[in-house]
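These notes concern the structure reproduced below.
Both counts, for ligands and for their atoms, begin at 1 and track the order of listing.
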Amino acid sequence: MRRIDKYEAPDKLLDGRVILISGVTEGIGRALAVKCAALGATTVLLGRNVPRLENLHDEITEAGGSRPGIFPFNLETTEWTEYEKITEVLSKEYGRLDGLVHCGGTLGELSPIEHYDPYLWYRVLQVNLNAPFLLTRASMPLLRKSKDSSVVFVSSTVGRKGRAHWGAYSVSKFAIEGLAQVLADETENIPIRVNTVNPGATSTNLRRAAFPAEDPGKSARPDEVLAPFLYFLGPDSRGVSNLSVDCQP
Ligand SMILES: NC(=O)c1ccc[n+]([C@@H]2O[C@H](COP(=O)([O-])OP(=O)(O)OC[C@H]3O[C@@H](n4cnc5c(N)ncnc54)[C@H](OP(=O)(O)O)[C@@H]3O)[C@@H](O)[C@H]2O)c1
């Protein structure tokens with residue numbers, strides 16, 4: 001069977017495709033946005049830090065990529081009714097969505113359940129679970145307008161096997177796996193594919209917060225874990241849905 005983690009994206013893989021990515025101001029989401037643009041996509045950049053969004057916008061256009069859309073958006077605090085505005089704006093601007101990737105995520109704290117701060121628990125579930133649900137729900141009309149569209153959720157090793165002290169983060173990732181399976185089943189007969197990727201240990205702010213004493217050089221760089229994302233976003237994965245894959249062996 002083909003190794004999705006070794007997928008080599010051909011030049012122009014994403015030519016003409018419109019791809020919305022959350023969590024692009026840092027880490028994996030940022031690296032993915034740069035790569036998608038380099039492969040021909042028009043990216044829509046969603047994040048809460050406007051200067052960093054603008055910086056990424058400029059980096060993409062200066063490298064010759066199609067001018068990205070910018071969507072300042074806080075996944076923790078935005079009311080669910082506001083998500084519909086994304087649909088309205090994207091509908092006017094692009095008329096459809098070919099890809100949606102949920103890279104936005106937060107660690108919360110590492111703490112036993114017994115001592116887990118309830119307010120922080122809610123906040124982590126809001127960013128890591130409720131926001132991807134709301135963004136997907138609002139994007140469905142636009143995803144339906146594409147000939148073949150792709151939704152990619154981002155999970156974690158601790159979203160497949162519970163680990164002490166990973167609390168709300170671990171639980172949110174278990175739930176993301178479930179959300180992806182439910183949606184994949186619901187879209188079985190329409191050309192929307194839904195898959196989940198687990199980046200594995202990747203040197204980002206989130207990883208550094210979880211393992212402050214770890215040598216960052218021991219984890220993959222964000223640009224080294226993108227192969228499965230690109231496979232699922234491009235036409236080579238047409239008809240492939242309901243998979244949960246690892247980006248690293
Ligand atoms: N790194 C790993 O080892 C690893 C392993 C498994 C899974 N993952 C998953 O990979 C995904 C990307 O994480 P990463 O490692 O690249 O972490 P990261 O560098 O910390 O990036 C997380 C991104 O999410 C954004 N974000 C967080 N809270 C937000 C909010 N309330 N509103 C809008 N944006 C928000 C951050 O924006 P700000 O810059 O504004 O905070 C940042 O752009 C996450 O889902 C994570 O769970 C990572």
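Using a 4.0 Å heavy-atom cutoff, Gly200 is listed among the residues neighbouring ligand 1.
Considering backbone and side-chain atoms alike, Asn198 places every N or O at 3.5 Å or more from each N or O of ligand 1. Residue Asn49 places no N or O, backbone or side chain, under 3.5 Å from any N or O of ligand 1.
Every atom of ligand 1 is numbered from 1 in the order shown, and the set under 4.0 Å from a heavy atom of Gly27 is 16 (O), 19 (O). Every atom of ligand 1 is numbered from 1 in the order shown, and the set under 4.0 Å from a heavy atom of Ala201 is 3 (O). Atoms of ligand 1 lying under 4.0 Å from any heavy atom of Gly104, numbered from 1 in the order shown and given with element: 24 (O), 45 (O). Atoms of ligand 1 lying under 4.0 Å from at least one heavy atom of Glu76, given by number and element, are 31 (N). Taking a cut-off of under 4.0 Å to the non-hydrogen atoms of Asn74, the atoms of ligand 1 that pass are 30 (C), 31 (N), 32 (N). Under a 4.0 Å criterion applied to the non-hydrogen atoms of Asn205, ligand 1 contributes the atoms 19 (O), 20 (O). Within ligand 1, counting atoms from 1 as listed, the ones closer than 4.0 Å to a heavy atom of Arg207 are 1 (N), 3 (O). Near Gly23, meaning under 4.0 Å from any of its heavy atoms, are these atoms of ligand 1: 23 (C), 24 (O), 25 (C), 43 (O).
Under 4.0 angstrom from ligand 1, the non-hydrogen atoms of Val127 all belong to its side chain. Contacts between Lys173 and ligand 1 below 4.0 angstrom, taking non-hydrogen atoms only, involve the side chain exclusively. Counting heavy atoms closer than 4.0 Å to ligand 1, residue Ser155 contributes backbone atoms (N, CA, C, O) but none from C-beta onward. When non-hydrogen atoms are compared, ligand 1 lies under 4.0 Å from neither the backbone nor the side chain of Arg30.
Considering only residues two or more places apart in sequence or on other chains, Phe232 meets the ring-ring contact (aromatic ring centres under 6.0 Å, His included) condition with none of them. Partners of Asp185 under the salt bridge (Lys or Arg N to Asp or Glu O under 4.0 Å) rule, at least two apart in sequence or in another chain, do not exist in this structure.
The shortest contact between atom 22 (C) of ligand 1 and any protein heavy atom is with Gly105 O, 3.6 Å. For atom 16 (O) of ligand 1, the nearest protein heavy atom (residue, atom name, distance) is Ile28 N, 2.8 Å. Scanning the protein heavy atoms around atom 36 (C) of ligand 1, the nearest turns out to be Thr25 OG1, 3.9 Å. Among all protein heavy atoms, the one lying closest to atom 15 (O) of ligand 1 is Thr204 OG1, 2.6 Å. Atom 10 (O) of ligand 1 has its closest protein heavy atom at Val154 CG1, 3.4 Å. Of the protein's non-hydrogen atoms, Leu75 N, 2.8 Å is the one closest to atom 32 (N) of ligand 1. Protein heavy atom closest to atom 8 (N) of ligand 1, with residue, atom name and distance, is Tyr169 OH, 3.5 Å. Here the heavy atom of the protein found nearest to atom 3 (O) of ligand 1 is Thr202 N, 2.9 Å.
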>> For Asp5 and Val245: C-alpha separation, side-chain torsions, deciding distance, then whether side chain to side chain contact (heavy atoms under 4.5 Å, CB included) applies.
In response: CA-CA 8 Å; Asp5 60 323; Val245 306; over 6 Å; no
Take Ser203 and Ser219 through the side chain to side chain donor-acceptor pair (under 3.5 Å) test and state the conclusion after the steps.
-> CA-CA 5 Å; Ser203 183; Ser219 302; 5.6 Å; no
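No more than 12 heavy atoms of other residues, nucleotides or ligands shown are found within 6.0 angstrom of CG on Asp11.
In the candidate list Pro72, Ser203, Cys103, Cys103 is nearest to atom 11 (C) of ligand 1, counting heavy atoms.
Taking the six-membered ring where the residue is Trp, the centroids of Tyr169 and Trp166 are separated by under 6.0 Å.
Considering CG of Leu135 and CG of Leu46, their distance stands at 6.0 Å, rounded to 0.5 Å.
A distance-only check finds a donor-acceptor pair linking the side chain of Asn195 to the backbone of Val240 [under 3.5 Å].
Between Asp148 and Arg17, at least one side-chain N (NZ, or NE/NH1/NH2) sits under 4.0 Å from a carboxylate O, which counts as a salt bridge. Comment: Arg137 engages Glu84 in a salt bridge, judged by a side-chain N to carboxylate O separation of less than 4.0 angstrom. By the 4.0 Å N-to-carboxylate-O rule, Glu109 lies too far from Arg123 to be salt-bridged with it. Salt bridge status for Glu88 with Lys85: absent, with no side-chain N to carboxylate O gap under 4.0 Å.
For the pair Leu243 and Ile4, the minimum side-chain heavy-atom distance is below 4.5 Å. Taking the side chain as every heavy atom from C-beta outward, Lys35 and Asp223 never approach each other to under 4.5 Å.
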